[in-house]
Asks: 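Take this structure, written in structure tokens, and hold onto it; I'll ask about it next.
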Amino acid sequence: MADVTYRDAVADGIAREMRRDPTVVCLGEDIGAAEGVFKTTVGLFQEFGPKRVWDTPISEQAIVGAALGAAMTGMRPVAEIMFSDFLACCWDYMANEIPKVRYMTGGQLSAPLVVRTANGGGLGFGAQHSQAVENWTFTVPGLKVVAPSTPADVVGLMASAIRSEDPVVFFEHKGLLATKGPAAPDDHVVPLGEAAVVRDGSDVTLVALASTVPTSLAAADVLAEEGISAEVVDLRCLVPLDMRRVLDSVQRTSRLVIVEENPYQGGWGGTVASIVADEGFELLDAPIRRVAAACVPLPFADVLEAEAIPSADDVVDTVRRLTAY
Amino acid sequence: MADVTYRDAVADGIAREMRRDPTVVCLGEDIGAAEGVFKTTVGLFQEFGPKRVWDTPISEQAIVGAALGAAMTGMRPVAEIMFSDFLACCWDYMANEIPKVRYMTGGQLSAPLVVRTANGGGLGFGAQHSQAVENWTFTVPGLKVVAPSTPADVVGLMASAIRSEDPVVFFEHKGLLATKGPAAPDDHVVPLGEAAVVRDGSDVTLVALASTVPTSLAAADVLAEEGISAEVVDLRCLVPLDMRRVLDSVQRTSRLVIVEENPYQGGWGGTVASIVADEGFELLDAPIRRVAAACVPLPFADVLEAEAIPSADDVVDTVRRLTAY
Amino acid sequence: MAVSTEAGQLTDQAAELLDLYQQMAVIRRTEKAANDLFLAGLVKGTTHLAAGQEAVAVGASAALRPDDYVFATYRGHHHAMARGASPEACLAELMSKSTGLCGAKGGSMHLTKADTGMLGSYAIVGSHLPMATGAAWSATLRGTEQVAVAFFGDGATNIGAFHEALNLAAVWRLPVLFVCENNLYMEYTPIGSVTAVANPAADRASAHNLPSEVIDGNDVLVVRDRMSEAVARARAGGGPTVLEARTYRHYGHSRTDPAKYRPEDEVRDWMARDPLTVTREQLSRLGIGDGPLDEADQRADQIIAAAVDAAKAAPGPDLGATYTHVWAEESTTWRT
Amino acid sequence: MAVSTEAGQLTDQAAELLDLYQQMAVIRRTEKAANDLFLAGLVKGTTHLAAGQEAVAVGASAALRPDDYVFATYRGHHHAMARGASPEACLAELMSKSTGLCGAKGGSMHLTKADTGMLGSYAIVGSHLPMATGAAWSATLRGTEQVAVAFFGDGATNIGAFHEALNLAAVWRLPVLFVCENNLYMEYTPIGSVTAVANPAADRASAHNLPSEVIDGNDVLVVRDRMSEAVARARAGGGPTVLEARTYRHYGHSRTDPAKYRPEDEVRDWMARDPLTVTREQLSRLGIGDGPLDEADQRADQIIAAAVDAAKAAPGPDLGATYTHVWAEESTTWRT
Ligand SMILES: Cc1ncc(C[n+]2csc(CCOP(=O)(O)OP(=O)(O)O)c2C)c(N)n1
Ligand SMILES: Cc1ncc(C[n+]2csc(CCOP(=O)(O)OP(=O)(O)O)c2C)c(N)n1
Ligand SMILES: [Mg+2]
Ligand SMILES: [Mg+2]
């Protein structure tokens with residue numbers, strides 16, 4: 001099978017579920033006839049028509065609020081929030097409503113919905129269109145958080161996300177949209193909460209997510225030339241978080257570097273690090289290191305943005321120093 | 001001097017700055033003649049009148065958005081968001097606008113404003129009125145984050161917050177409002193970013209914030225009876241984060257327990273833990289432990305809420321097991 | 001309901017109105033009980049009583065089908081009960097009992113009875129209007145001819161979600177009713193002092209090309225009839241309506257608020273227009289004397305007395321309940 | 001500006017209009033240059049061109065005092081330039097040069113010139129309306145009689161912040177102008193298909209008890225005059241006004257969008273009403289022939305050619321700039 005883009009995998013992943021389940025409906029800004037600003041909904045309007053693919057006004061609260069109301073009443077809405085930065089415009093729904101309805105009604109209601117969003121930096125979109133905000137959603141009990149790094153994972157995790165009885169935030173990384181990988185086979189389903197060891201290694205564990213997976217793999221290539229064998233774990237989800245695979249890997253490597261696109265303070269890697277510093281304390285032969293973004297809003301200029309966001313070089317440097325420890 | 005309540009200290013702290021600086025103005029819902037839902041603005045409307053203390057509609061975006069516009073143009077607004085859960089209703093301003101204007105304009109604009117908010121649980125207000133969300137703000141570069149635990153610190157940190165040229169989110173813990181402590185002396189100013197060692201100890205360091213300071217102190221009392229000497233560090237601010245004092249303390253105690261009211265996943269303690277697991281790795285004689293809330297929306301019933309939120313008993317248990325390590 | 005009167009057999013009209021009175025009387029007493037229990041320390045946290053606003057809930061419910069959807073606010077006890085929640089389950093919830101509507105995990109602000117279409121009470125002002133819009137959207141997608149109703153306060157009309165919901169509902173022509181209970185105050189602040197228009201909800205409807213009306217929210221028949229028209233229009237594909245029901249709360253905003261900020265004569269005038277009084281007068285005009293009404297009051301007293309006893313006797317929740325209902329599968333945790 | 005015409009000395013009226021034309025011509029060419037530079041790969045990220053909408057910015061600015069405040073959107077190049085930003089500084093910003101308006105940290109979507117009252121361009125739709133409201137509030141608090149203006153698109157009228165700002169501004173009677181540039185489209189979707197009213201901004205003003213008007217946004221004199229009235233009212237304490245200027249963008253929404261979703265005749269009609277053409281015709285009616293206009297065009301060409309050269313020649317930012325302007329004191333970091 002020919003390789004496909006991550007971008008096309010998004011539309012493919014949604015379309016597969018829409019074919020399977022008539023209660024799956026999409027809503028968002030410019031997702032219909034216009035096929036999405038990122039072209040991640042190409043073909044959906046044509047195949048499924050205006051009763052399944054709904055264009056909305058610029059009303060992020062209404063979008064996810066309506067998705068919640070529909071999810072409570074028998075539908076499986078897939079809502080697009082165009083850039084993940086705009087999750088801030090409907091954060092009340094993301095943090096206070098969607099993840100809490102099941103709990104605060106004592107299980108009477110549920111919210112089987114997906115909020116998809118284009119996430120992350122590296123494209124020169126400036127401070128308000130470039131953030132990697134998986135860590136925002138990570139703070140909220142009741143949300144499942146998915147952030148795939150390959151086209152096949154996009155399809156397989158989209159299936160799980162849409163089928164999930166729990167609300168899922170699905171982060172599609174803007175920097176990966178044009179990347180290619182093997183197409184997902186028919187009926188491909190990747191369960192939520194299973195990390196993937198995408199490269200075996202023995203000297204250090206690199207824990208990565210979405211864009212930092214290719215970053216870490218590139219770093220591992222460089223390190224391999226220097227004789228350092230890095231294992232790369234793609235978390236794929238933050239919730240459920242597959243700490244078993246991380247701890248297994250650290251058991252073998254005894255060194256841990258976490259590679260995050262979000263800033264260090266408040267980043268998801270802090271939680272991963274703290275679990276390892278607790279439950280994996282005896283496995284460690286060296287300090288835990290985190291390669292994360294600088295504590296700055298993201299600058300526009302590409303050279304500055306590259307400086308702010310973790311690069312393969314940053315990972316290589318960190319691992320080099322750590323293995324020398 | 002007689003002891004004062006934390007609640008009264010809030011109004012006192014604001015009033016002191018309003019007397020000092022005529023550009024300080026307050027806005028929020030029911031803060032004027034009604035003197036605030038939590039009575040944390042008592043006396044302000046009477047002393048300073050309607051040109052300094054403004055009642056707003058229920059429009060959280062307009063409140064903090066207007067505060068930002070005013071801050072850019074010569075005022076020092078102090079905006080109240082009634083419950084910190086409602087920061088979600090204006091999260092775009094908190095995450096994308098207020099902290100980024102200085103940076104994305106290359107330093108042309110600034111946002112010297114304070115957003116005050118009643119934070120935290122333990123009062124049976126249910127899932128949407130009880131969260132401790134300092135960790136939300138911690139994820140955002142450009143925000144300073146303050147969460148005092150005593151009346152005197154409220155006054156001293158309020159002075160620094162209002163005088164700061166940077167935006168500050170000021171968390172007033174609902175569970176502490178009725179607690180008492182020594183009044184702040186005249187001209188009391190506590191610099192942002194200085195943690196306080198509120199109890200000396202030698203066996204373990206407890207790092208705490210706001211409500212978890214009394215929790216940790218209570219735990220330390222119990223532990224002392226068992227011969228375990230716990231040092232308690234009150235961070236007072238998350239940004240700037242005083243890691244120097246934390247690392248100093250761990251150097252002496254070689255054991256670290258972080259006590260947080262927010263849930264474990266995405267909690268601020270992850271960042272503290274990861275810094276110590278990196279820079280303090282050699283100081284540690286035992287795993288780092290975090291006592292944090294369960295990954296659940298907060299339940300209404302008091303017994304359930306108490307189960308979800310860290311208690312002194314939880315801290316005692318954790319320390320006991322850790323010192324036995 | 002078969003009730004005998006001084007005058008013998010009841011007309012259908014009178015019987016129906018008497019039934020509405022009975023419902024309101026039960027709600028009124030539940031609110032009083034909630035207040036008493038709060039003052040006695042048996043209800044924790046906070047509570048927002050709807051006494052005085054019963055006619056909105058009961059009148060509106062009378063216009064709905066059993067499978068229609070209702071979304072309410074933290075001031076939502078009356079809506080929960082009008083949609084079938086028992087006083088006992090409501091009071092048990094307030095008293096943190098395992099028999100509570102939400103198993104004591106929701107509390108006063110989140111009363112929900114999903115199996116009878118009461119899809120929750122929400123405590124962030126305005127947040128449920130988009131949800132009701134979405135439920136109406138879902139009804140059209142599924143072709144069920146259900147309608148959804150969002151009840152909200154006057155203060156909610158100043159928050160952005162209100163407008164986003166109205167616009168989306170209008171553009172998609174959804175079967176949703178936006179019913180404002182204008183009780184003249186947000187918390188302690190008169191609504192007029194923070195709102196640019198006189199009728200906070202109705203005067204905003206035209207901004208979204210929606211029909212609207214200001215109605216007497218203390219007259220249960222007016223509410224029922226205006227709602228019936230709007231519901232019929234919505235069910236027939238005619239889109240949303242904004243109704244603004246003027247009403248008044250008898251207690252303060254929440255908890256122990258004595259509501260001192262309200263002018264005495266305003267309180268007096270509105271108390272004279274208590275929806276229960278209004279309905280008694282209407283019934284008397286229909287020839288129903290005090291007998292059946294007193295009977296209804298007594299029945300309500302008995303129901304509430306029994307409800308309070310049962311709620312008091314019920315057990316508290318298991319601690320294990322803290323960890324359930326976070327995820328669909330109880331076994332799931334956030335990490336492995 | 002002293003300009004000689006075929007007919008000799010210019011009237012004041014003509015001189016002023018010629019100046020407005022000159023400004024628009026410069027903006028037009030800056031936008032064209034930005035597009036060319038984008039296609040040449042010298043502008044990264046994204047850019048939203050305002051070509052076609054110049055009359056709104058230039059006409060509105062002509063009605064403002066130098067110390068008034070302007071807030072714009074990601075489609076804000078014209079506002080930045082109308083408020084004194086040089087084409088060179090704008091293009092340098094787009095080209096990631098250290099000489100850019102924001103030192104290459106903002107980019108196309110965040111052009112700002114605070115020292116001349118252009119308080120920024122904001123890329124989250126609707127977010128700046130509350131900010132402008134706050135700046136107007138600040139002006140009243142300081143007693144300066146400044147006004148604040150928020151420019152925004154038709155699509156922005158459907159987001160909650162729009163309404164929150166209008167209501168607060170109305171209740172506090174603030175000197176703020178809400179100026180909608182209705183260019184008929186949000187991104188690729190016709191505004192009418194997602195908006196419940198025909199005039200997205202003007203038809204919402206009454207929901208907040210504000211005066212409003214739909215005006216010709218391609219006629220710089222109309223914009224100037226209607227703005228002048230609204231500004232005078234605001235300065236005199238008469239409160240906010242909503243103006244909806246109908247206009248059209250010549251390019252697609254952003255980047256390389258070919259805007260294929262727009263009907264050909266719509267494009268043709270609007271291109272015929274290009275604000276530069278409209279102004280040329282007005283000037284010709286005032287007796288100004290092609291000479292001064294061609295001169296103005298040539299001057300604009302020269303300015304832009306020089307600006308492009310200078311921007312190209314300018315150095316990129318130091319990597320150290322990544323870490324500055326996060327905090328007031330450069331020394332501060334988030335931790336010790
Ligand atoms: C977004 C948000 N802001 C503020 C509050 C705090 N609050 C709770 S009720 C209330 C007043 C609401 O007034 P109204 O909508 O008129 O409803 P009523 O209480 O009168 O029924 C406020 C401000 C809230 N719950 N949510
Ligand atoms: C809150 C938010 N939602 C979505 C977007 C993405 N977006 C950018 S521009 C735009 C269309 C805006 O349309 P309009 O307000 O008419 O302005 P125009 O681009 O036509 O000038 C959208 C949807 C955004 N920037 N912010
Ligand atoms: Mg009210
Ligand atoms: Mg537009």
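Order of the sequence lines sets the chain letters (A, B, ...), proteins ahead of strands, with each chain counted from 1.
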Asks: What verdict does the salt bridge (charged side-chain N to carboxylate O under 4.0 Å, His left out) test give for C:Glu329 and A:Arg102, after you've listed the backbone C-alpha separation in whole Å, the side-chain angles of each residue and the deciding distance to 0.1 Å?
Replies: CA-CA 12 Å; C:Glu329 296 164 57; A:Arg102 182 190 294 278; over 6 Å; no
Asks: What heavy-atom pair brings A:Tyr93 and C:Gly126 nearest, and what distance separates the two atoms?
Replies: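 Heavy atoms of A:Tyr93 and C:Gly126 come nearest at OH-O, 4.0 Å.
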Asks: Can you check whether A:Pro57 reaches C:Asn167 side chain to side chain, under 4.5 Å on heavy atoms?
Replies: yes
Asks: Enter the distance from A:Arg76:CZ to C:Ser138:OG here, rounded to the nearest 0.5 Å.
Replies: 12.5 Å
Asks: Give, as side chain, backbone, both or neither, the part of A:Glu194 having an atom under 4.5 angstrom from any heavy atom of chain C.
Replies: neither
Asks: State, with a plain yes or no, whether a side-chain heavy atom of C:Trp137 is found less than 4.5 Å away from one of A:Val25.
Replies: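 Of all side-chain heavy-atom pairs linking A:Val25 with C:Trp137, at least one is under 4.5 Å.
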Asks: Can you tell me which portion of C:Trp334 sits under 4.5 Å from chain A's heavy atoms? Options are side chain, backbone, both or neither.
Replies: both
Asks: If I measure from the heavy atoms of chain C, does A:Val246 come under 4.5 Å with its side chain, its backbone, both, or neither?
Replies: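 For A:Val246, there is no contact with chain C at all, as no heavy atom is under 4.5 Å.
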Asks: I'd like to check A:Thr56 versus C:Trp172 (side-chain heavy atoms, cut-off strictly below 4.5 Å). Are they in contact?
Replies: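 Yes, close enough: below the 4.5 Å cut-off.
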Asks: Any idea which heavy atoms bring A:Gly107 and C:His325 closest together, and the distance?
Replies: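 Taking every non-hydrogen atom into account, CA-CD2, 3.4 Å.
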Asks: Got a second to check how far A:Leu109's CG is from C:Met131's CE, nearest 0.5 Å?
Replies: 9.5 Å
Asks: Using a 6.0 Å cut-off, check whether atom CD of A:Gln46 has over 12 heavy atoms from anything other than its own residue.
Replies: no
Asks: For residues C:Cys102 and A:Gln108, determine if any side-chain heavy atom of one lies less than 4.5 Å from a side-chain heavy atom of the other.
Replies: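 They are in side-chain contact.
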Asks: Which region of A:Leu143, side chain (C-beta onward) or backbone (N, CA, C, O), has a non-hydrogen atom less than 4.5 Å from a non-hydrogen atom of chain C, or is it both or neither?
Replies: backbone
Asks: Chain A heavy atoms under 4.5 Å from C:Val326: which part of the residue, side chain, backbone, both or neither?
Replies: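 The answer is both parts of C:Val326.
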Asks: Counting only non-hydrogen atoms closer than 4.5 Å, does A:Val145 touch chain C with its backbone (N, CA, C, O), its side chain (CB onward), both, or neither?
Replies: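 A:Val145 has no heavy atom closer than 4.5 Å to chain C.
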Asks: Determine, for C:Trp327 and A:Lys144, whether the Lys NZ or Arg CZ falls below 6.0 Å from the six-membered ring centre while staying within 45 degrees of the axis.
Replies: yes
Asks: What closest approach, in Å, do A:Ala62 and C:Ala165 show between heavy atoms, and which atom pair accounts for it?
Replies: CB-N, 4.4 Å
Asks: More than 12 foreign heavy atoms under 6.0 Å from CZ of C:Arg173: is that the case here?
Replies: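 For C:Arg173, atom CZ is not crowded (no more than 12 foreign heavy atoms under 6.0 Å).
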Asks: Could you check whether atom NZ of C:Lys97 has more than 12 heavy atoms from other residues, nucleotides or ligands sitting under 6.0 Å from it?
Replies: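 Count over threshold, so yes.
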Asks: If I measure from the heavy atoms of chain C, does A:Asp92 come under 4.5 Å with its side chain, its backbone, both, or neither?
Replies: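 Only the side chain of A:Asp92 comes within 4.5 Å of chain C.
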Asks: At a 4.5 Å cut-off on heavy atoms, which part of C:Thr333 comes close to chain A: side chain, backbone, both, or neither?
Replies: backbone
Asks: For chain C, which candidate among A:Met72, A:Glu60, A:Arg245 shows the most heavy-atom pairs at distances under 4.5 Å?
Replies: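 Option with the top pair count is A:Met72.
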Asks: Relative to chain C, which segment of A:Thr105 carries a heavy atom at a distance below 4.5 Å: side chain, backbone, both, or neither?
Replies: both
Asks: Is there a side-chain contact between C:Glu164 and A:Ile63, using heavy atoms and a 4.5 Å cut-off?
Replies: no
Asks: Side chain, backbone, both or neither: which part of C:Thr324 has a non-hydrogen atom closer than 4.5 Å to chain A?
Replies: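 Only the backbone of C:Thr324 comes within 4.5 Å of chain A.
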Asks: Given a strict heavy-atom distance threshold of 4.5 Å, which part of C:Leu141 is in contact with chain A: side chain, backbone, both, or neither?
Replies: side chain
Asks: Just by modelled atom types, is the C:Thr322 backbone N or O under 3.5 Å from a matching donor or acceptor in the A:Tyr103 side chain?
Replies: yes
Asks: What pair of heavy atoms forms the shortest contact from A:Asp166 to C:Ala328, and how long is it?
Replies: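 Here A:Asp166 and C:Ala328 meet closest at OD1-N, 2.8 Å.
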Asks: Could you tell me the separation between the NZ atom of A:Lys100 and the NZ atom of C:Lys105, rounded to the nearest 0.5 Å?
Replies: 13.5 Å
Asks: Under 3.5 Å, is there a donor-acceptor pair between the side chain of C:Arg335 and the main chain of A:Gly193?
Replies: no
Asks: Testing the basics here: between C:Gly160 and A:Gln61, what is the closest heavy-atom pair and its distance to 0.1 Å?
Replies: C-NE2, 4.2 Å
Asks: Between C:Thr336 (side chain only) and A:Met243 (backbone N and O only), is there a donor and an acceptor less than 3.5 Å apart?
Replies: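 Present.
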Asks: Using heavy-atom distances under 4.5 Å, tell me whether C:Ala321 contacts chain A through its side chain, its backbone, both, or neither.
Replies: backbone
Asks: At a heavy-atom separation under 4.5 Å, does C:Ala161 approach chain A through its side chain, its backbone, both, or neither?
Replies: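 It is both, since atoms from each part get that close.
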Asks: Between A:Glu97 (side chain only) and C:Ser127 (backbone N and O only), is there a donor and an acceptor less than 3.5 Å apart?
Replies: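 No.
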